[in-house]
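Down below is the structure, laid out as structure tokens.
Letters go in sequence order (proteins before strands), and every chain restarts at 1. The figures here come from the full heavy-atom set of this structure, side chains too, leaving out hydrogens, waters and symmetry mates.
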Amino acid sequence: MIREKTKLALQKLFPVPEAKEVTTEAAGEEQDKKAVKETRQNGLLERDYAVHGYHLDAQVAPDQLLEAVTLLDEAEFFIESITGVDWIKEKQLEVIYDFSRYDFDLCRVVIRTRVDRTKPVVPTITGIYAGANWHERETHEFFGIKFQGHPHLVPLLLPEDADFHPLLKDFKA
Amino acid sequence: MNSPILLQPDETFILNVGPQHPATHGVLRVKMEMSGEYIVEAETVIGYIHRMHEKMGELKTYPQFLMNLSRMDYLGALGYSHGHVLLIEKASGIEVPERAEYIRAIMVELNRVASHLFWFGAFVMDLGGFSPLMYALQDREHILDMLEGVTGSRLTYCYFRFGGLYNDVDDDFISAARRFIPRMRKSLKKYHALVTGNIIFRKRLEGIAPLSQEMCRKYGASSAVARGSGINFDVRKNEPYSVYPEFDFDVPVFHECDSLARYNVRMEEIEQSLRIIEQGLDKLPDGPIMPEKKPKLIKPPPGDYYQAVETARGSFGIRLVSDGGKTPYRLKLRSPTYSNMHLFDEACRGMMIMDALAFMGSLDLVIPEIDR
Amino acid sequence: MRLTLLNVIVAVVIAIGFAALNAAYLVWAERRGAARIQRRPGPNINGPFGLLQPPLDGIKLMAKQLTIPGGADKVLFIAAPVLAMFPAIMSFVTIPFSETIVAKNMNVGVLMIFAFASMGGMSLVFAGWSSRNKYAMMSSVRAVSQAVAYEIPMLITTITVVMISGSMDLMEIVRQQSGSILHWNIFPLLGNSHNILMPMSFLIFFTCTLAETNRAPFDLGEAESELVAGFHTEYGSMGFGLFFMGEYANIVIGSCMTTILFLGGWNAPLPFLGFIPGVFWFLLKLYLLIATFIWIRWTFPRTTIYGLLNLSWKILIPLSLFNLLFTAGLIKVF
């Protein structure tokens, strides 16, 4: 099962004791509800697929991102999308990476990382997944998140000279 | 024929294909650095009809956003709505009556056939053959008439509701759909005789624009682009949703990786969709089309939800980040053609312009869906 | 016929009239034919069966302003459409429609027509070059390679026919094909050559005609899905109109030549049908060929530029050369 393998591989990213980090589904739900109110700690969650639509949910620190994505690349995941969420109350921006598989060994993995709202910089993964290029450009223009090392970080969907980030919650048109 | 050629840097020129160009099917621009007929480097410029659906998603309540989905992809709109309603139903725990799910599947498949028919015509037109478009549009017209009778619109449907449907199908629709299936099969035979077997057509597509499986994976390609490269990936099978597990259908996979394989996949998909429609009409259960108990106000509990569906253009993903409010906190639309189109820049290097534009046609682009 | 200045002028005027009328009404025929193939009505509003459509289109085109893009080479830009129409019309002067209907017969008619046909390619080059448009430029580059590639097999095939007939006089070539369908150069079983390869020659010639006149599936010069409109991207008003008419005039010339060289010109297919005037047979064959042109255009997708060049250099030229040698051998033996 690729799900178990990926889980084990991703767990290695978090050096804290396993019992504390990999929560059960029920606990995951609870933590999820809390997550809206308080910042979630980095770690791996196993989600209920029937409710959430994905299996593994790993929140990593920005500097762990490349490592986590490389793991998924080696396990032959394909990249679905990259997007951001503006958690304005916590003064944080979240970048969400979706991965899935082409084979019938169904396993959807979500990698998320949070950065400070005032200094939103994450490393680019275009070196690993070439297809991340546009997704990162889109996230950059919508949220103002800088992808360090991105070869061509200019607005994609917005006009070339756009200097606003419309999906930020404090954006006023 | 397509081997990249070595050039002096001063021998190239820039060719702007688009934003208004017959081959780009909308407002898409490809900045091509050309050496004669050969493409050295291409940069796709999108966003000319960007409408920021994602921001609209944050500002509108859940039901208000229903109509936005069909404005994304105007050719296969129902597939996108399907993803949306499935996601919200999953997130807020709404039960959908079985009849409604069956009708949804039938409608989505009809819409898929209509979309593929339009693509077929437009693709052959990209290659310089005009007539198949007219034949394809005529068949598509039957579908649009049927859908109009039930959903009330021909292109930008707003038919699905959270928990069910806006309108039940009537006997007219069922008999029309039953009549349509054999007619479409006959037309398919005609298309294969007229187009698929044509030597010029085959020569233009065979071996053109090979996409490796590795490349598809790195870009996240789906639909016929992945299936034409030998990847057996169809969300309906890999990640069954709705009532698709009840149907007996195949996922056409071709291993040639070229434009002809992508063409063959879509043509075969029409047949498979017809099979689903046929089975759906046979199995269509009686019952209500809306659940008896449905929350007045849709407020999914806080959390992060994802739903992928197979639309006519590939794997459409929709992510909802809810904070428990009346409007989504964040709604991300992952459009399949966005990823498929992204391939183009890398894949068309060293190709001749006419092959590259044939390749572009084989990607089945709908620009509003890329730009969202 | 006595050759006086008046005679020549009248003949040329009639030739121009015939060419222009054909060009205009072939547009109508093409649109109606395309519509029939595509199961739609086509132009049917103006006049009976839409027959007033071509003159109305002409008036519309003439009433429009002729815009010349900035930076274009004005002389060549204006000369190109004229050059597209003029050789086609001039070629009509020597085409024999029947034993008597010919403006000016010459003993080097074949030569003259091919000389003018070669000029047709020039108009595409001029148009593409002078428009200062990258699409037009690419189109004219394609047009040159295409013209070079297809004139060779076309001329070799024509030489084969000239060798059989022993004359470059178009009337003489037709006269030698008189009798029945089996005397025609396409099936010359009873004719003065017994070359069984002639049907192939006919196909080569017809293919080359398609390519020479820039018709689908060889319309790479104006491949609208790649090059927008090719060499006439920048042309509007009557400049475009002349290109358009020139294309159809060229089709008529190409079909006339095919009829004369291979299909026995004005000769009836069977001897007992000889009471019907020759001009009827000529026009029948001509319009059947043109109908085939239209039919092909609306059925086939476009080839690629390398497919086109490969077809010429790797298939048509070797085949036509072989046929030339074979014919020469037959003439020597019999």
_Counting heavy-atom pairs under 4.5 Å with chain B, which one of A/P155, A/G84, A/S100 comes out on top?_
A/G84
*Answer with yes or no after comparing the ring centroid distance for B/F233 and A/F78 against a 6.0 Å cut-off, counting only values under it.*
yes
*Shortest non-hydrogen contact from B/R217 to A/Y102?*
CA-CE1, 3.6 Å
*At a heavy-atom separation under 4.5 Å, does A/I125 approach chain B through its side chain, its backbone, both, or neither?*
neither
*Before giving the answer on side-chain contact (heavy atoms from CB on, under 4.5 Å), spell out for B/K332 and A/V85 the whole-Å C-alpha distance, their side-chain angles and the decisive distance to 0.1 Å.*
CA-CA 9 Å; B/K332 160 75 182 170; A/V85 180; over 6 Å; no
_Residue among A/A132, A/P159, A/P166 with most heavy-atom pairs under 4.5 Å to chain B_ = A/P166
*Check whether A/N133 gets within reach of chain B through its side chain, its backbone, both or neither, counting any heavy atom under 4.5 Å.*
both
*Are there more than 12 heavy atoms of other residues, nucleotides or ligands under 6.0 Å from atom CD of B/E214?*
yes
*Where do B/H342 and A/A130 come nearest, in terms of heavy atoms and distance?*
CE1-O, 3.7 Å
*Side chain, backbone, both or neither: which part of B/I231 has an atom under 4.5 Å from a heavy atom of chain A?*
side chain
*Before accepting this row, confirm whether a basic side-chain N of the pair A/D73/B/K218 lies closer than 4.0 Å to the acidic partner's carboxylate O.*
yes
*Which bit of A/R108 comes within less than 4.5 Å of chain B, counting heavy atoms only: side chain, backbone, both or neither?*
side chain
*asked:* For a quick test of reading the model, state the closest non-hydrogen atom pair linking A/I88 to B/Y329 and the distance between them.
replied: N-OH, 3.6 Å
*Evaluate whether atom NZ of A/K169 has more than 12 neighbouring non-hydrogen atoms of other residues, nucleotides or ligands under 6.0 angstrom away.*
yes
*Check whether more than 12 heavy atoms from other residues, nucleotides or ligands sit under 6.0 Å from atom NZ of B/K60, and answer yes or no.*
yes
*Heavy-atom contact with chain B under 4.5 Å, split by part of A/D86*: backbone
*Toward chain A, the part of B/E54 with a non-hydrogen atom under 4.5 Å*: both
*Give a yes or no on whether a salt bridge exists between A/E138 and B/R372, defined as a side-chain N under 4.0 angstrom from a carboxylate O.*
yes
*Cationic tip of B/K55 within the cone over A/F171's six-membered ring, i.e. under 6.0 Å and within 45° of the normal?*
no
_Atom group of B/T44 that falls short of 4.5 Å from chain A, counting heavy atoms_ = both
*asked:* To the nearest 0.5 Å, what is the distance between CG on A/D57 and OH on B/Y306?
replied: 13.5 Å
*Any side-chain heavy atom of A/W87 sitting closer than 4.5 Å to one from B/V321?*
yes
*Which atoms of A/H135 come close to chain B, meaning under 4.5 Å heavy atom to heavy atom: side chain ones, backbone ones, both, or neither?*
both
_A/I96 portion near chain B, given a 4.5 angstrom heavy-atom threshold_ = side chain
_Let me confirm one number: the NE2-CG distance from A/H52 to B/L87, rounded to the nearest 0.5 Å._
11.5 Å
*Without swapping roles, check the side chain of B/N238 against the backbone of A/D103 for a donor-acceptor pair under 3.5 Å.*
yes
*asked:* Using every non-hydrogen atom in the two residues, find where B/I46 and A/L157 come nearest and quote the distance to one decimal.
replied: CD1-CD2, 3.8 Å
*May I ask you to check whether A/F142 and B/H53 place their ring centers less than 6.0 Å from one another?*
no
*Go through the atoms of A/Y54 and report whether side chain, backbone, both or neither lie under 4.5 Å from a heavy atom of chain B.*
side chain
_Quick check on B/E43: does its CD atom have over 12 non-hydrogen neighbours (other residues, nucleotides or ligands) under 6.0 Å away?_
yes
*Answer yes or no: is there an ion pair linking A/D98 with B/R319, defined by an N-O contact shorter than 4.0 Å?*
yes
*Start with the C-alpha distance between A/T83 and B/R330, add both sets of side-chain angles, then the distance that settles side-chain hydrogen bond (donor to acceptor under 3.5 Å, both in side chains), and finish with yes or no.*
CA-CA 10 Å; A/T83 187; B/R330 171 90 176 92; 2.5 Å; yes
_Residue part contacting chain A, namely of B/Y241, when any heavy atom lies under 4.5 Å_ = neither
*Heavy atoms only: give me the nearest A/G53-B/E239 pair and the separation to one decimal.*
O-OE2, 4.3 Å
*Could you check which of B/S222, B/G93, B/A91, B/A221 has the highest count of heavy-atom pairs closer than 4.5 Å to chain A?*
B/A221
*Let me know if A/E76 has heavy atoms under 4.5 Å from chain B in its side chain, its backbone, both or neither.*
both
*Contact origin within B/M341 toward chain A - heavy atom pairs under 4.5 Å*: both
*Can you say whether A/L167 sits under 4.5 Å from chain B via the side chain, the backbone, both, or neither, judging by heavy atoms?*
both
